[in-house]
Undergrad: 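Starting off with a structure, shown below.
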Amino acid sequence: MAEVEASPATGTAIPTGPGPVALIGMMGSGKTTVGRRLARALDRPFVDADDELVRRTGRSVRQWFEQAGEDAFRAAEAELLADLLAAPGPAVIACGGGAVVTPSNREVLRRRARVVWLRAGAPFLVSRARRRDHRPLLDGDAEATIQRLVAERSVLYDEVADHVLDVEPYHSAHEKPKREMAAHLAQIIRRAEATETTS
Ligand code: S3P
């Protein structure tokens, strides 16, 4: 079974006590479903960053890309993430898959959140990341795009992750893989928070 490990690359102190938990990873890795279940297990509020952006701006992700462009979407995404991570209270936040491409997001994630990377390889993600309305980047050759994005972003996910969870073994071993992932993460997070509070 996949183990959650502390990222050797982070080199920064994990925040003490219950703070925000941020799930990062590629489209199709399961951030939204695992995040919702994790929030329920920890009895904390859940925020999906894309949904929250749409709610606050009245513009869908596709409209952001098509009407304002990706750069404007990234700026709005960064403003939102900074705002979510500044709020008091230990929410669970599912970040958009591309949040880590913005340097200020990496900075604020490292400083303010316990970050979990749901890691998966490109072939797995291709089979799972459906072309949905909020994923305009997958409109063309989705397979090639996912392969490219995994290659470009893995180093960035690794840079900010406090914990890495390999999702594929859960899908091979469990009928309800996302439920298992959330349960395992809840344990890891409770344990880490308890250790930090007492140390
Ligand atoms: C994106 C991922 C999407 C959404 C947007 C861009 C990306 O979120 O933010 O389409 O760049 O990987 P999900 O990871 O929740 O699908």
Side-chain angles (χ1 to χ4, degrees), residues 20-39 45-85 91-106 108-109 113 115-161 163-168 170-171 177-178 181-182 185:
V21 174
L23 300 189
I24 61 169
M26 280 287 295
M27 300 175 261
S29 59
K31 299 179 299 285
T32 300
T33 310
V34 174
R36 188 170 285 120
R37 287 178 177 278
L38 175 62
F46 172 71
V47 184
D48 179 86
D50 281 338
D51 290 348
E52 184 62 13
L53 184 70
V54 173
R55 195 184 70 75
R56 290 191 190 188
T57 65
R59 217 178 208 178
S60 70
V61 172
R62 179 168 293 279
Q63 284 170 335
W64 269 103
F65 273 75
E66 290 177 355
Q67 296 169 6
E70 182 170 351
D71 288 353
F73 169 77
R74 296 293 172 207
E77 180 182 51
E79 196 179 318
L80 172 72
L81 190 60
D83 193 49
L84 291 176
L85 291 175
V92 175
I93 300 165
C95 300
V100 295
V101 302
T102 306
S104 67
N105 286 343
R106 299 202 297 279
V108 80
L109 282 166
V115 182
V116 179
W117 174 17
L118 299 188
R119 181 169 62 186
F124 174 86
L125 294 166
V126 168
S127 73
R128 312 219 41 108
R130 313 250 180 286
R131 290 177 210 193
R132 289 201 302 215
D133 187 52
H134 75 289
R135 291 173 177 158
L137 290 176
L138 300 186
D139 282 352
D141 182 344
E143 189 171 344
T145 302
I146 287 175
Q147 279 166 358
R148 176 176 57 79
L149 294 178
V150 168
E152 287 172 6
R153 292 176 178 174
S154 289
V155 66
L156 304 177
Y157 293 133
D158 192 49
E159 184 187 317
V160 295
H163 308 280
V164 182
L165 189 67
D166 281 313
V167 307
E168 289 171 66
Y170 285 87
H171 284 263
K178 292 175 182 174
M181 279 187 256
L185 280 175

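Just follow the structure's listing: the first ligand is 1, and inside any ligand the first atom is 1.
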Undergrad: Just wondering, are more than 12 heavy atoms of other shown residues or ligands nearer than 6.0 Å to CD in E79?
TA: no
Undergrad: Would you please name every residue forming a side-chain hydrogen bond (donor to acceptor under 3.5 Å, both in side chains) with S127, sequence neighbours left out?
TA: none
Undergrad: Run the ring-ring contact (aromatic ring centres under 6.0 Å, His included) test against H134 and tell me which residues pass, sequence neighbours left out.
TA: none
Undergrad: Output all residues satisfying side-chain hydrogen bond (donor to acceptor under 3.5 Å, both in side chains) with R106, sequence neighbours left out; order by chain, then residue number.
TA: E159
Undergrad: Decide, yes or no, whether a salt bridge links R56 with D83 under the criterion of side-chain N to carboxylate O below 4.0 Å.
TA: yes
Undergrad: Given side chains that start at C-beta, do those of I24 and L118 come closer than 4.5 Å, heavy atoms only?
TA: no
Undergrad: At less than 4.0 angstrom from any atom of ligand 1, which residues have a non-hydrogen atom? List them by chain and residue number.
TA: M27, K31, D50, V61, F73, R74, G96, G97, G98, H134, R135, P136, L137, R153
